Amino acid sequence: MFALQNNICWSRVGPLALLASLLLPAIGAGQDEIQTQLGAEPGPYFVGLPVTIQLTATGLSDRGTPEVEVESDSDALRWTLVATNPTSIRFNNNGRISSQSKYDFIFRFTASKAGQWEIGPFVITDGSIEKRVDAVKVTFEEVPTTDNMQIHLRVPEGPFFPEQRVPVEIEWWYAGDLANTGVSISSPLFDTFKFEDEKPTNVREALLPIDTAEGSVDLQATVREELVDGKRFRVFRAKRTMIPDRIGTFAIDPIQVTIRHRVLGRRQRRDDTGFGFGFFDRVEEYVKSVEAFRAVGEPMTIVIGGFPKADQPESFAGAVGKGFSIAVTADRTVVRVGDPIRLNVTLRGSGNLKGASLPPLSADGGMDPERFRLPSGDIPGKLGKDEKTFSVSVRVEDESVSEIPSIAYSWFDTDAKQYRTARSAPIALRVMPADMISADDVVSAGPGPSSDPPPAGDEPSSAAGQPRKRFSLSGADLAIESNPAAMLSTSSRSVSPVVVQTTAYLAGIAIVMLALVDRRRSQADPAVVARRKVAVEQAAAIAAAAGKPQRQGANEVAAALRSLLASQPGVERSSTEALIGECEALVYQPSSAGDEPLSREIIERAQQLAIRFRKEAQ
């Protein structure tokens, strides 16, 4: 299978390519002034498709990360700061080496209407210094619809309740060519409420990109084929979990999907080999044109209701779902009045465990506040895989207490539309009177005559019949020794002070040498190490695809190349994307040809590309 998010990587070009389309000259020639450049990815630009804008600033201080804001009052534009990438620039100033901080601010802008819109101005704040960068005008074109594509957003029938976990399904149907195609799916619903998404477990499978106000989200998707009116659609299906966080009726505009397809052309170019043997023609691919199409779903209305006030239990703390349970354990069951008891309260259930809180322990006939000293305020919990645990301390204040009573926990059942309550099992206690300390138990700190020996029954067994040892500082020499020879000497004089000093110095030198070696090893750029690791792993994956059936091998080679592109977006992409397209064509050709072994020529080309990526990772 293939990952859709890598098919759109051609539109997320590297920092150098970004500056090729729009460039504003640096303002101010002095070294101490902030200099800026503003660039965008090559057009054309379409409604509903994000445009990457990069603002580069040099001459900034190194006191902290600068802030950048976009002053735009247009309702048609939505923007997100995707990344802030700092680097350091070194230069020679009349023999004096100096350095400046450089920051690349990466934005994504999306227009909801066609027309020419101003992006910016941008305001950079670096401590007390403020730099303003003028806005640029960008024209967004309207996108026509197509019958080759459908988009559906499915939500269960409501009403829903705050903090309820609502499954939402996104389904995209497409009957066109996926090679060289960028996909953007957006819905106002995704920016209206909170959402939780599972992290993709297999990046080699299809990933469906969803655009939100917080940035792009890649969702794991299943793929199937459907034949409708003679057209063969590929159907991509992904899920999200919606968590409503406010009450009301919300009119949600339709979900939209927009694709941008590059039409490639081929041309011959004269290529000088550099060895003096003449020129050879080579075929080069180029982007002939860019086409965009969209599909629109159906509008919907989402109703979020409040929890019923009637019959709401005291032990209800906002839990929503079904099948909750509560279990309580104590670290001790034999205590004296006033001793602390540590209780571990564990909640389990299908619902909003992440946001679940602990109700008062006295709620609905729980622990009596007149007999127990109970905690107050919010109690933080620890979230596990399928449970949430709270740790609290209580104290018994009544000797007649014989148990920790059952603790109630209530939740709202969204299926039955009513409250339900679970209770923990009671815990038996043995409570003894509190210890009383008399004046005879207090030990005097001052020296004095020996007192009468304690009764024999009070003496420890190991010292029976022996007087208790007393410690006194009377007659002790508390003077501070200042003679170095005396301080370095030992009582036995068996070790020379010179030997002690020499050993200490040698040990210190050894520790410094080890620290220098460890520092050099730790100074390796983690990003470079990560890129090298990806390059080595994907080179091994390409080699493993050799000799496999054509369909399987082409799928594995394409997945490895996509991972290489994703790990190094600044590397030249055309040759890699062209080979990915060839592999995908082999994956989706008629099944009768899929059992042939994968061409050795494809493996070798992929290995050469992997070698290039490994070199670029340095």
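Please read these numbers as outputs of a predicted model, since none were measured by experiment.
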> Run the salt-bridge test on Lys194 and Glu163 with the 4.0 Å N-O cut-off and return the result as yes or no.
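Counted as a salt bridge, because a side-chain N and a carboxylate O are separated by less than 4.0 Å.
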> Tell me, please, which residues at least two apart from Phe233 pass ring pair (Phe, Tyr, Trp, His ring centres under 6.0 Å).
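Per chain and number, Phe233 pairs via ring pair (Phe, Tyr, Trp, His ring centres under 6.0 Å) with Trp173.
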> Can you confirm whether Glu196 sits close enough to Lys354 that some side-chain heavy atom of one is under 4.5 Å from a side-chain heavy atom of the other?
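In short, these two side chains touch, coming nearer than 4.5 Å.
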> Sequence neighbours excluded, which residues qualify as side chain to side chain contact (heavy atoms under 4.5 Å, CB included) partners of Ser112?
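In terms of side chain to side chain contact (heavy atoms under 4.5 Å, CB included), with neighbours along the sequence ignored, Ser112 is linked to Ala76.
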> So, do Pro188 and Phe250 sit near enough that their side-chain heavy atoms are less than 4.5 Å apart?
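The answer is no, as the side chains (C-beta and beyond) never meet within the 4.5 Å cut-off.
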> I'd like to check Lys131 versus Thr36 (side-chain heavy atoms, cut-off strictly below 4.5 Å). Are they in contact?
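They are in side-chain contact.
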> Any idea how Phe140 and Tyr45 line up, ring-wise: parallel (<30°), tilted (30 to 60°), or perpendicular (>60°)?
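Because their plane-to-plane angle lies in the 30° to 60° range, the rings of Phe140 and Tyr45 count as tilted.
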> Using the test ring pair (Phe, Tyr, Trp, His ring centres under 6.0 Å), find all partners of Phe195 that sit at least two apart in sequence or belong to another chain.
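By the ring pair (Phe, Tyr, Trp, His ring centres under 6.0 Å) rule, Phe195 matches Phe190.
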> Would you say the side-chain atoms of Gln568 pair up with the backbone N or O of Phe613, donor to acceptor, closer than 3.5 Å?
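Answer holds: yes.
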> Could you pull out all residues at least two apart from Glu214 that satisfy side chain to side chain contact (heavy atoms under 4.5 Å, CB included)?
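Thr212.
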> When you measure from the side chain of Arg246 to the backbone of Thr192, do you find a donor-acceptor pair of N or O atoms at a distance under 3.5 Å?
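A pair under 3.5 Å: yes.
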> Could you walk me through whether Ile603 and Val557 pass the side-chain contact (heavy atoms from CB on, under 4.5 Å) test, one step at a time?
CA-CA 8 Å; Ile603 294 292; Val557 170; 3.9 Å; yes
> Would you name the heavy atoms of Ala560 and Ile542 that are closest together and state the gap between them?
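Between these two residues, the closest heavy atoms are CB-CG1, 3.7 Å.
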> Would you compute the distance between atom OG1 of Thr146 and atom CD of Glu291 and round it to the nearest 0.5 angstrom?
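Result: 10.0 Å between the selected atoms.
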> Are there more than 12 heavy atoms of other residues, nucleotides or ligands under 6.0 Å from atom CD of Glu198?
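Not more than 12 within 6.0 Å, no.
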> Which heavy atom of Ala135 sits nearest to which heavy atom of Pro121, and what is that distance?
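Nearest pair, atom of Ala135 first, then Pro121: CB-N, 3.6 Å.
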> Just list the side-chain donor-acceptor pairs under 3.5 Å for residues 251-259, sequence neighbours left out, or say none.
none

> Using 0.5 Å steps for rounding, measure from the CD atom of Gln550 to the CG atom of Asn555.
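Reported to 0.5 Å precision, the distance equals 12.0 Å.
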> To check you understand the geometry: which heavy-atom pair defines the closest contact between Gln538 and Ser563, and what is its length?
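Scanning both residues completely, I find the closest heavy atoms to be CD-CB, 3.7 Å.
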> Checking Phe193 against Ile304 for the side-chain contact (heavy atoms from CB on, under 4.5 Å) test, could you report, in this order, the C-alpha distance in whole Å, the side-chain angles of both residues, the deciding distance, and whether it holds?
CA-CA 11 Å; Phe193 303 111; Ile304 311 299; 3.9 Å; yes
> Less than 4.5 Å apart, any side-chain heavy atom of Ile247 and any of Pro162?
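In contact.
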> Can you name the residues that form a side chain to side chain contact (heavy atoms under 4.5 Å, CB included) with Ala114, not counting sequence neighbours?
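Listed in chain order: Val47, Glu142.
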> Among all residues two or more places apart in sequence or in another chain, which pass the side chain to side chain donor-acceptor pair (under 3.5 Å) test with Arg605?
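Testing Arg605 for side chain to side chain donor-acceptor pair (under 3.5 Å), a comparison that skips the adjacent residues, returns Glu582, Glu601.
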> Evaluate the side-chain hydrogen bond (donor to acceptor under 3.5 Å, both in side chains) criterion for residues Gln552 and Glu556: first the C-alpha distance (whole Å), next the side-chain angles of each, then the deciding distance (0.1 Å), finally the verdict.
CA-CA 6 Å; Gln552 179 184 357; Glu556 294 180 2; 3.3 Å; yes
> How many angstroms lie between atom CD1 of Ile185 and atom CG of Leu219, to the nearest 0.5 angstrom?
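Between Ile185 CD1 and Leu219 CG, I get 8.5 Å after rounding to 0.5 Å.
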> With the side chain counted from C-beta on, respond yes when Thr241 and Asp197 share a heavy-atom pair under 4.5 Å apart, and no when they do not.
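Result no, sub-4.5 Å side-chain heavy-atom pair not found.
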> Using modelled atom types only, decide if a donor and an acceptor are shared between the side chain of Ser187 and the backbone of Leu189 within a distance under 3.5 Å.
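Here the side-chain-to-backbone pair exists.
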> Can you name the ring pair (Phe, Tyr, Trp, His ring centres under 6.0 Å) partners of Phe122, sequence neighbours left out?
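Here the qualifying residues are Phe107.
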> Minimum heavy-atom separation for Leu598 to Ala554, with atom names?
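So the minimum-distance heavy-atom pair works out to CD2-N, 3.8 Å.
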> Tell me, please, which residues at least two apart from Glu298 pass salt bridge (charged side-chain N to carboxylate O under 4.0 Å, His left out).
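If we apply the salt bridge (charged side-chain N to carboxylate O under 4.0 Å, His left out) test to Glu298, skipping adjacent residues, there are no hits.
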> Under the 3.5 angstrom rule, does the side chain of Asn352 hit a backbone N or O of Val320 as a donor-acceptor pair?
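Yes: the side chain of Asn352 pairs with the backbone of Val320.
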> Donor-acceptor pair, Thr181 side chain versus Ala179 backbone, under 3.5 Å?
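A pair under 3.5 Å: yes.
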> Taking all atoms of both residues into account, what is the closest heavy-atom pair of Lys548 and Ala544, and its distance?
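Shortest heavy-atom contact: CE-O, 3.2 Å.
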> Run Thr414 and Phe160 through side-chain contact (heavy atoms from CB on, under 4.5 Å) and show every step you take.
CA-CA 8 Å; Thr414 54; Phe160 309 114; over 6 Å; no
> Is there a side-chain contact (heavy atoms from CB on, under 4.5 Å) between Leu207 and Gln220 once you walk through the steps?
CA-CA 5 Å; Leu207 299 179; Gln220 193 85 62; 3.8 Å; yes
> If we ignore hydrogens and angles and just use 3.5 Å, is the side chain of Arg612 paired with the main-chain N or O of Glu572 as donor and acceptor?
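Side chain of Arg612 to backbone of Glu572: a pair is present.
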> Going by heavy atoms in the side chains, are Ile611 and Arg614 under 4.5 Å from each other?
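Yes, close enough: below the 4.5 Å cut-off.
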> Could you go through the salt bridge (charged side-chain N to carboxylate O under 4.0 Å, His left out) check for Arg108 and Asp211 one step at a time?
CA-CA 10 Å; Arg108 296 183 72 194; Asp211 286 319; 3.5 Å; yes
> Any chance you could measure Asp104, atom CG, to Thr87, atom OG1, to the nearest 0.5 Å?
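Between Asp104 CG and Thr87 OG1, I get 6.0 Å after rounding to 0.5 Å.
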> Salt-bridged, Asp75 to Lys113, with N to O below 4.0 Å?
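No salt bridge links Asp75 with Lys113.
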> Is the shortest side-chain heavy-atom distance between Leu609 and Gln607 below 4.5 Å?
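Contact flag for Leu609/Gln607 side chains = no.
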> Can you list everything that forms a salt bridge (charged side-chain N to carboxylate O under 4.0 Å, His left out) with Lys231? Sequence neighbours excluded, please.
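With sequence neighbours excluded, Lys231 shows a salt bridge (charged side-chain N to carboxylate O under 4.0 Å, His left out) to no residue whatsoever.
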> Which heavy atom of Arg600 sits nearest to which heavy atom of Ala546, and what is that distance?
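Taking Arg600 first and Ala546 second, the nearest heavy atoms are NH1-CB, 3.5 Å.
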> Going from OH on Tyr103 to CD on Glu67, what distance comes out if it is rounded to the nearest 0.5 angstrom?
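If I round to the nearest 0.5 Å, the distance is 11.5 Å.
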> Can you see whether Glu41 engages Thr52 through a side-chain donor-acceptor pair at a distance of less than 3.5 angstrom?
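Yes, side-chain donor-acceptor contact under 3.5 Å.
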> Less than 4.0 angstrom from a charged side-chain N to a carboxylate O is my criterion; do Arg154 and Glu171 meet it?
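Here Arg154 pairs with Glu171 in a salt bridge, since their nearest N and O are under 4.0 Å apart.
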> Does Glu169 come within less than 4.0 Å of Arg240, counting only side-chain N to carboxylate O?
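Salt bridge between Glu169 and Arg240, a charged N being under 4.0 Å from a carboxylate O: no.
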> Look at the side chain of Ser184 and the backbone N and O of Gly48, then say whether any donor-acceptor pair between them is shorter than 3.5 Å.
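Yes: the side chain of Ser184 pairs with the backbone of Gly48.
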> Taking salt bridge (charged side-chain N to carboxylate O under 4.0 Å, His left out) as the test, write out the residues that go with Glu71, two or more places apart.
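Residues passing salt bridge (charged side-chain N to carboxylate O under 4.0 Å, His left out) with Glu71: Arg132.
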> Enter the distance from Lys199:NZ to Asp218:CG here, rounded to the nearest 0.5 Å.
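Here the rounded value is 12.0 Å.
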> Taking the side chain as every heavy atom from C-beta outward, state whether Thr125 and Val68 have any pair of such atoms under 4.5 Å apart.
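Contact flag for Thr125/Val68 side chains = no.
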> Residues two or more places apart in sequence or in another chain: which of them pass salt bridge (charged side-chain N to carboxylate O under 4.0 Å, His left out) with Glu141?
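Salt bridge (charged side-chain N to carboxylate O under 4.0 Å, His left out) check on Glu141 returns nothing, list empty.
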